Novice: 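Pasting a structure below so you can have a look.
On a predicted model such as this, the values are computed, not experimentally measured, just so you know. All residue numbers refer to positions in the sequence shown, counting from 1. The basis for the numbers below is simple: all heavy atoms, side chains too, and nothing from hydrogens, waters or symmetry mates. For ligands, and for the atoms within them, numbers begin at 1 and follow the listed sequence.
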Amino acid sequence: MDKYVINGGRELHGEVVIGGAKNAAVAIIPAVVLAESPCRIENVPNISDVTLIANILQGLGATVKNVNKTTLEIDPTTIFTQVANYEQVKGMRASYYLLGALLGKYGKAEVAMPGGCNFGVRPVDLHIKAFEALGAKHTLKNGVIRVEAEKLVGNKIYLDVVSVGATMNAMLAAVKAEGYTEIENAAKEPHIVDLANFLNSMGANIKGAGTDTIKIRGVRTLHGTTYSIIPDQIEAGTYMVAAAATGGDVVVSNVIPRHLEVISAKLREMGVTVDEYDEAVRIISHGRLKKCTIKTQPHPGFPTDMQPQFSALLATARGISIVNENVWENRFQYVSELARLGAKISVEGKSAFIEGVDHLDAAPVKATDLRAGAAMLIAGLCARGTTEIENIGYIERGYENIVEKLRNLGADITKKRTMTTTEVVMA
Ligand code: UD1
């Protein structure tokens, strides 16, 4: 099992260049299925979730070519099946976008219930509700969801809970449906807008993405396109917090500062200087930071995917901070790991109470999910001594070249490869 080994206590300095947004990429890549000719996708993040979704598409018959490190060319015209089995999709939550994309293109899809990060019950009832509103029928048997429609017809879709996945899947299924679809109570995250822009560049007619109501007029065909994915808001936010936590001075570039406003606002509240440029933010942090209150909400609220990283930051802030998790029901699993480093955190229901300590001390910890893993990295960068982080596969699902990027900022971090029992026997 591979580990990250961090000698903590070094300030981060310099510039880090942010990659393409994971949560946009894992929707845009399956959306290529809808096109009648090849698509070229640029600014693709170099992360294992992208490799997984690209492999799944290849399994369906699509031709996927790595043009360079950040560009994929995908030809969907060679797809021969609409079935993605459990072995293919088990590592990845976002494989559910294949349901909407395949249904939208071929009128049918069969996808095993996905895996991915485990932070509570992750239902897909609203995705199914959206498909059914458009005229599809579904069955769920042996962990496999099958959706089918003779014809998809536009309709009003009301999402009872603001859901990123259901909004994206509804768009994918509706984009070629006959007539007019309106998605109400839609999610407004930057990656929702990015998917809509991508589909529009293929000839779709989607308006209102980024607001509560998305309006889609179905079109008969979608063509191939060249499209560049937006920068990753959460990767950027993670480096901003890492800079703040280590008392550093870091320029986070290739970002859209507007997408980072809520993160910047919270950092400023804590006493960090955040300067904004056209495509960069600079984080300057000195001295011990102040407590703050965090309440996660769908966009434009504070992103739940930044919650664990902020808890790591607040662990050494002056005073008692409160972190309120309102999106996921089980997103405090990492708290016991932070406690191993000396953090004082108690959890009651949806809230974590963080009593800032003077400093953290190194200990072996594990990533319990992707963003929890990022929190361990931030804590390890600050802690006195050598922290080892296990389960780093979670982190590599969503952070490209993270060791290299942190080392360029002056962090003392290495990836230690541990041989498996079989490898030891073979050696
Ligand atoms: C996406 C992100 C994830 C992020 C989350 C919220 C991807 C690949 N993942 O996940 O990193 O934490 O948005 O910003 O983009 N819900 C239902 N029924 C459904 C679907 C969702 O009740 O059919 C509920 C969920 O239980 C949760 C809430 O809606 O409480 C939000 O979930 P959703 O926005 O759908 O999250 P994902 O799209 O899975």
Side-chain angles (χ1 to χ4, degrees), residues 20-31 45 47-50 52-53 56 89 91-101 111 113-133 138 140 145 147 157-173 183 185-195 212 229-230 232-235 237-238 259 262-263 295-310 324-334 350 368-375 394-395 397-399:
K22 163 187 168 288
N23 289 347
V26 296
I28 285 174
I29 293 169
I47 52 175
S48 63
D49 263 13
V50 162
L52 271 172
I53 195 75
I56 297 172
V89 307
M92 199 179 182
R93 179 85 197 150
S95 47
Y96 54 41
Y97 292 131
L98 286 168
L99 282 171
V111 179
M113 285 289 274
C117 274
N118 173 26
F119 30 74
V121 182
R122 298 189 70 174
V124 287
D125 55 310
L126 296 174
H127 303 228
I128 301 292
K129 180 180 171 183
F131 299 148
E132 295 204 322
H138 91 281
L140 173 59
I145 302 177
V147 283
I157 300 169
Y158 174 74
L159 299 178
D160 304 80
V161 176
V162 178
S163 159
V164 170
T167 303
M168 299 250 216
N169 246 336
M171 280 162 66
L172 293 169
I183 307 171
N185 201 26
K188 297 179 281 211
E189 271 67 5
H191 30 290
I192 302 277
V193 180
D194 211 32
L195 177 64
D212 294 319
I229 292 174
I230 52 164
D232 197 305
Q233 173 202 32
I234 306 299
E235 188 198 7
T238 302
H259 293 169
V262 59
I263 298 164
K295 293 182 180 175
T296 69
Q297 297 287 351
H299 191 81
F302 186 91
T304 172
D305 286 356
M306 283 303 301
Q307 184 258 92
Q309 299 91 313
F310 262 80
N324 229 268
E325 174 57 52
N326 298 302
V327 178
W328 296 111
E329 63 183 34
N330 192 15
R331 207 166 191 176
F332 287 125
Q333 290 174 69
Y334 63 88
K350 287 175 158 192
T368 51
D369 64 55
L370 164 58
R371 307 303 172 186
Y394 276 125
I395 300 173
R397 283 189 42 209
Y399 290 93

Novice: Are the charged groups of D49 and R397 less than 4.0 angstrom apart, N to O?
Specialist: yes
Novice: Of N23, V164, I183, which meets side chain to side chain contact (heavy atoms under 4.5 Å, CB included) against I192?
Specialist: V164
Novice: Is the closest N or O pair between S163 and ligand 1 shorter than 3.5 Å?
Specialist: yes
Novice: Is any side-chain heavy atom of K22 less than 4.5 Å from a side-chain heavy atom of E235?
Specialist: no
Novice: Are side-chain heavy atoms of Y96 and V111 found at a separation under 4.5 Å?
Specialist: no
Novice: If the cut-off is 4.0 Å to any non-hydrogen atom of D305, which atoms of ligand 1 fall inside it?
Specialist: 3 (C), 4 (C), 11 (O), 12 (O)
Novice: Check for me whether R331 has a heavy atom closer than 4.0 Å to any atom of ligand 1.
Specialist: yes
Novice: Measure the spacing between NZ of K129 and CG of D160 and express it to the nearest 0.5 Å.
Specialist: 3.5 Å
Novice: Taking N or O atoms only and a 3.5 Å limit, does V327 qualify as a polar contact for ligand 1?
Specialist: yes
Novice: Quick one: which ligand 1 atoms are inside 4.0 Å of a heavy atom on G165?
Specialist: 35 (O), 38 (O)
Novice: Determine whether the side chain, the backbone, both or neither of V124 has a heavy atom under 4.0 Å from any heavy atom of ligand 1.
Specialist: backbone
Novice: When you compare ligand 1 with H191, is there at least one nitrogen or oxygen pair between them that comes in under 3.5 angstrom?
Specialist: no
Novice: Quick one: side chain to side chain donor-acceptor pair (under 3.5 Å) partners of T238, sequence neighbours excluded?
Specialist: Q309, Y399
Novice: Relative to the heavy atoms of V161, which atoms of ligand 1 are at a distance of less than 4.0 Å?
Specialist: 29 (O)
Novice: Can you list everything that forms a side chain to side chain donor-acceptor pair (under 3.5 Å) with N324? Sequence neighbours excluded, please.
Specialist: S351
Novice: Under the criterion side chain to side chain donor-acceptor pair (under 3.5 Å), which of K350, R331, Q307 is the partner of E325?
Specialist: Q307
Novice: If we only count N/O pairs under 3.5 Å, is T304 in contact with ligand 1?
Specialist: no
Novice: Out of A21, P123, A27, A166, who is nearest to atom 20 (C) of ligand 1 when you count heavy atoms only?
Specialist: P123
Novice: Provide the number and element of each atom of ligand 1 under 4.0 Å from a heavy atom of N23.
Specialist: 2 (C), 7 (C), 8 (C), 9 (N), 11 (O), 15 (O)
